[in-house]
Amino acid sequence: MYPPVSSSVKFPEIEREILAYWKQSRIFEQSLQKSAREMVFYDGPPFPTGTPHFGTIFVSILKDALARYFTMAGYSVPRRWGWDCHGLPIENAVEKKLGIGDKSQIEKQLGVAAFNNECRKLVADCNTAWESYINKIGRWVDYAHAYRTLDLPYMESVLWVFKQCYDQGLIYKDYRVTPYCYHCETSLSFSDIRESDSTRPRQDPEVIVRFKALDAVAGKPTWYLAWTTTPWTLISNLVLAVGADFSYAAVEHEGAVYIMAEALVPKWAKLFGGKPHVVKTFVGSELVARRYEPIFPYYRDLAKENYFRILAADFVTLDDGVGVVHCAPAFGEDDYWLCKRNGLGVRNPVDAKGCFTAEIPEFAGQNVHAANKDVIRALKANGALMHHSTIEHNYPHCWRCRTPLIYRAMDAWYFAVDKIKDRLLKHNEEINWVPEHVKHGRFGKWLEGARDWNISRSRYWGTPIPVWECEAAGCGQRRVLGSLAEIKDAAGAVDTAGAADAAGRELTDLHKEFLDEVVLKCPVCGKPMRRVPEVLDCWFESGAMPFGQCHYPFENKEWFESHFPADFIVEYPGQIRCWFYYLHVLAVALLDRAAFKNCLVHGTLLAEDGGKISKSKKNFTDPMELIDRYGADALRLYLLGSPAVVMEDLDFKNAGVHDQIKQVLLPLWNAFSFFVTYANVDQYAGDPARQPESTHALDQWILAKLYRAEQEVGQAFKTFYLNRSLTPVTAFIEDLTNWYIRQSRARFWGGGLTTDKRQAYDTLYYALVTLLKMLAPSAPFVADYLYRQLTGEASVHLAAWPKVPEQYRNDALIEETGVAQTIVSLGLALRQKAGLRVRQPLPGIQVALPSSVDSGVVARQMDIIRNELNVKTVTLLADPGAVATLRATPNARVLGPKWGRAVQAIIKAAKAGQLREQGDKIIVFEGPQEWAIDRQDIDLSYQGKDGMDVLGDKGVLLALDKTLTPALREEGIANELNRIIQDLRKTAGYAVSDRIELTIEGELDPAWCKHLLQLALAESAELGEAQADATSRETIEGRAFRVSIRKKKEA
RNA sequence: GGGCGUGUAGCUCAGUUGGUUAGAGCGCGUCCCUGAUAAGGACGAGGUCCCUGGUUCGACUCCAGGCACGCCCA
């Protein structure tokens, strides 16, 4: 016996029950033990701050569905959680908590050790919120053995990775311009300014200034104009840049001459009193090497050394500004490289806090952004200012502290990505990206343009850069230590006072406060060597995750080798330039191969209105609330079936979740309920190991559908296009419930377990069990709940992915049933048009089929068609021409190559019906032209004539005979009465098998009365209304009836 | 400004090497409770496949150019 099925089902309750069961029976752990073959998955570590948001939940569902599929497909899929514990986000949260506004407070007052301890505490505190979220959506993942980037073994592996790269010459220190946050007092990499909200609108001054030219034009005082939104950088101006191919105009105004791009003169006509007077034009290259006077005096001396000249540069555009770009090589990347190429250096009068140094007495101590005002005042005072206004533009901000960034030249450590670019590109070819355009699109393009990576941060909470430099001026000795043992050995040899504490001691922590204590002795000059102050970019650490998570190469060498690269990884598009990229860079650098074989990039969930999901706007429902309302399965089905799986955006709609219940879960539940109801009546017990062998066409049809569905679903999972896995499942459920079960009901009704009934049970059971397996990765709760009841096995998630045998494949039967379904559809439409309910039997239908369809279909599908349409006969139309016109559909695919240019005329004529048969050929004609077409190359069918009582679709034509004989009318009335009786039974609350007494009052053929008694399991009785359990009075076809029923007393 | 992607029914989306009647779900309209299912079923209406040009016997599909939107980058 199967447990009885409740008709009102509450999915969230089932899910809670299943979660408890999984935990108690350790199903996840068992699933990992199933196979010796492993599918390697790397989990991208999230920051442990805050709570999971919609995006995190989505990616978790994707990872879970894939892992469950591969588990069923015969792999063990260990899923180890990870935490990205280091980096600026954590540091900033701690700064906020402690009210720290300045790095000096950390270094001088609090101390690095205390600060890092706070970071450590914060990271530990935040970890707890995640587990219940992840658990509730049904994600199986190993929390207990999560790797953490702050753990000693992990950090040691990171040191090792660093050293490997260093030894290969891939890491170097350089003084150059990088994005810089003067609050965090650190440089940032380009990945740090990737966050979508890091580039935000900001109001800045917009000024045009003039530089005095040393070459006068037309004998008048001559000036170069330049435009900037960072007036503070004018203090450090060293050169001007022009586009070599642009045309520049000399504009005369009030006795002076101004040079700017000709194309932009009209835009800035107001500078010249509205009427610019161009006296001469130059090509940009003519201006190159001309000299000018600096506006500010601080670097005036450099004029002797080739500074304050005009250079040509390709970054000059005519989009905004005046076509002459002012360059301060300390504060602009383009400026820096331009000067460097031209052998010019850098002058940087701005300190780490973003304030001018004493080198600039007038502005010393002023923050650069704050100084803009005074700089502009000074420009005005010395006559350089030509224009001043304010513009709002997008400007990069620090992704955590929101301070506007500046670009600033400074010392930093770089990874020479450029050196390995060829190999990065080569190994990208080995990666299967989903969607595939990422390979040569966003990722490939990013690799092509890859620049050296700034891997150092002037911060505290991260893996320290393991480089020691001799403090003696000019010595230049450097050592890189890549393991605890190396550090211990090196430190042990030190005899300076500063190193006494650390000498020879085993470190138990590699954070900055410990490693900075390690001082080495310079092998050349004997002076102390101290560690450089920077820590590593936390992307270096997460990129080193394949090594760090298993403490490679210090431990688990074999394990590592069998778990690299990953078989698949899954993250959002932001990681294309971050985690995916850094994993790839480090793997290629160290092992000369890609770090992952398959990479699924999913899309972004947006709010219902298409806007960004925003906690402050509250434009979305908390996913946990949706799970409480509809269940996690519904949420999963909605997301997994959406194009957001493959990097598209999805406007998330709560109704979409609800739809899954209506379209997938409830029909599934009802099919299950149907099976259980009858199986219990017949004492049928399904055997999961048995494959049905049925001679019944319906069974063969649903098995053929099942075969086809599995092909599609399996393919979808195998190729990582998960969103394609659900359409076939939904379609199958539709086929199962609205055709197979609907047509098969009568087979389950009779008494006893006949051969046909057993075949029906076997088929339905097999279909249900297989369906649940296909649904298990996506809807793991309800699939397991039903599967366990059907099979008595421990879990669907321990079952093997179904292999529907090839022998069930039957494309012809699917085709043929499709024709029957079309016929039924047409019949129902004709009935509806004529206002004839299905309950009223009709004499018959006549069918015309297109020439491409075997007319044997009608005979083979006869019973179903008659039953569905409630007609007595189904025949082929003797003379379709009477009610329909002949339609010809040439097979263009075949005729095209055969007939070439003529094919269009043939198609046109054939469609117009200009054809006749001649032997085994069809002659198509147009005027005097005739073409003889092979019969199999043209499909003949009929289209109903207007006004005739026929309908056609897909070449099938149907005519309905609506003649109502008295006998048919009588049968229709009987059917109505039967409906009334069944309705009464149901409302009276009888069981299906209860026997009753029945009274029918009214005019009806006694034969039909007898039939109704049989159908209703009834004996005729003379029941007054008072004696009856229920009574109905109705008038049918003008005849008044009274029907009363009473449950028969048990004998 | 550049790169990538997208544009198909009111909405969300499918659409097989190019083949002449472009599909589904939701929504909408009409109808229907014959013992699994009203959190259901049937039927129907609804399309300039973004635009322009090209290639081709034939283009939603391929190519070029434009437009719109999204993401990424300058």
Side-chain angles (χ1 to χ4, degrees), chain A residues 5 7-9 190 193-194 196 199 315 317-320 333-334 394 435 437-438 440-446 448-449 573-574 576-577 603-604 606 610 641-643 647-651 653 655-656 658-659 661-663 665-678 723-724 727 730-731 734 737-738 741-742 745 748-749 824-826 828-833 835 837-839 868 870 887 889-908 910-911 941 943 952-955 975-983 985-986 990-993 1015:
Chain A
V5 179
S7 57
S8 78
V9 49
F190 299 101
I193 48 180
R194 114 216 94 106
S196 45
T199 300
F315 59 79
T317 69
L318 299 177
D319 299 333
D320 46 25
E333 248 203 298
D334 289 334
N394 286 325
H437 63 75
V438 176
H440 296 121
R442 205 169 280 185
F443 193 72
K445 291 286 190 314
W446 182 245
E448 281 167 23
I576 290 173
R577 293 186 152 117
T604 313
L606 301 173
S642 82
M647 215 174 135
E648 304 277 343
D649 290 346
L650 172 70
D651 295 356
K653 295 186 165 66
H658 187 218
D659 284 348
I661 292 184
K662 289 204 285 195
Q663 279 167 45
L665 298 179
L666 278 171
L668 173 70
W669 186 268
N670 291 329
F672 171 78
S673 159
F674 175 87
F675 171 80
V676 167
T677 305
Y678 286 95
N723 51 325
R724 296 180 187 163
T727 316
T730 315
E734 162 83 14
T737 57
N738 287 330
I741 292 182
R742 187 182 155 77
R745 278 179 302 186
F748 294 94
W749 284 343
V824 167
S825 244
L826 288 169
L828 289 171
L830 276 173
R831 271 186 171 276
Q832 182 143 322
K833 231 167 100 184
R837 46 182 51 183
V838 180
R839 213 173 290 125
E868 282 293 290
N870 195 13
R887 245 184 68 87
T889 312
N891 185 344
R893 188 170 251 160
V894 177
L895 292 180
K898 268 190 204 171
W899 294 90
R901 180 170 285 278
V903 75
Q904 292 308 320
I906 297 173
I907 289 170
K908 202 174 155 198
K911 279 160 97 175
S941 61
Q943 185 165 35
D953 185 37
K954 294 169 189 154
N975 285 342
E976 285 293 341
L977 285 168
N978 185 47
R979 189 211 85 215
I980 291 165
I981 297 162
Q982 297 297 343
D983 201 31
R985 284 189 61 117
K986 209 172 175 181
Y990 300 166
V992 179
S993 53
L1015 284 177

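Worth knowing before you read on, the calculation uses all heavy atoms, side chains too, and leaves out hydrogens, waters and symmetry mates. Chain A is the first sequence line, chain B the second, and so forth, proteins listed ahead of strands; every chain is numbered from 1.
If you check distances only, the side chain of A:E976 never reaches the base of B:U34 with a donor-acceptor pair under 3.5 Å. A donor and an acceptor atom never sit less than 3.5 Å apart when one is taken from the side chain of A:R745 and the other from the base of B:G35. Applying the 3.5 Å distance criterion, the base of B:C71 shares a donor-acceptor pair with the side chain of A:R442.
Taking 4.0 angstrom as the limit, A:R893 places none of its side-chain polar atoms (N or O) nearer than this to OP1 or OP2 of B:U20. OP1 or OP2 of B:G41 sits under 4.0 Å from a side-chain N or O of A:N738. Distances shown here put a side-chain N or O of A:W749 below 4.0 Å from the OP1 or OP2 atom of B:A36. Taking 4.0 angstrom as the limit, A:K445 places a side-chain polar atom (N or O) nearer than this to OP1 or OP2 of B:C4. Residue A:K911 places at least one side-chain N or O under 4.0 Å from the OP1 or OP2 atom of B:U21. Put simply, A:S825 has a side-chain N or O that comes within less than 4.0 Å of OP1 or OP2 on B:C43.
Here B:G35 is the nucleotide among B:C33, B:G35, B:C43 with the atom lying nearest to any side-chain atom of A:Y990. Picking from B:C57, B:U37, B:C26 the nucleotide with the shortest atom distance to the side chain of A:Q663 gives B:C26. Of the candidates B:A36, B:G19, B:U20, B:U20 carries the atom nearest the A:I907 side chain, counting heavy atoms from C-beta on. For A:R985, the side-chain atoms get nearest to B:G35 when compared with the rest of B:G35, B:C32, B:U20. For A:K986, the listed nucleotide lying nearest its side chain is B:G35; candidates were B:G35, B:G58, B:U34. The nucleotide whose nearest atom lies closest to any side-chain atom of A:E648 is, among B:G5, B:C33, B:C11, B:G5. The side chain of A:K662 lies closest to B:G40, out of B:C32, B:G35, B:G40.
Taking atom CG of A:D649 as the reference point, atom C1' of B:C4 lies 13 Å away to the nearest angstrom. Whole-Å rounding puts the A:L830 CG to B:C43 P distance at 12 Å. We find that CZ of A:R831 is positioned 22 Å from P of B:U30, with the value rounded to whole Å. B:U12 atom P lies 17 Å from atom CG of A:N723, rounded to whole Å.
Map A:G441 and A:N975 each onto its nearest nucleotide of RNA chain B; the residue landing nearer the 5' end is A:G441. With RNA chain B read from its 5' end, the first of the two nearest nucleotides for A:D659 and A:F674 is the one closest to A:D659.
Look at A:E448 and A:K445 and you find no salt bridge, because none of the NZ, NE, NH1 or NH2 atoms lies under 4.0 Å from a carboxylate O.
B:G70 is paired with B:C4 under the Watson-Crick or G-U wobble criterion, all donor-acceptor distances under 3.5 Å.
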Please output the side-chain donor-acceptor pairs of residues 667-678 of chain A that fall under 3.5 Å, not counting sequence neighbours, one pair per line with the distance.
| from | atom 1 | to | atom 2 | distance (Å) |
| --- | --- | --- | --- | --- |
| A:W669 | NE1 | A:S6 | O | 3.0 |
| A:N670 | ND2 | A:L666 | O | 3.2 |
| A:T677 | OG1 | A:S673 | O | 2.6 |
| A:Y678 | OH | A:W749 | NE1 | 3.1 |

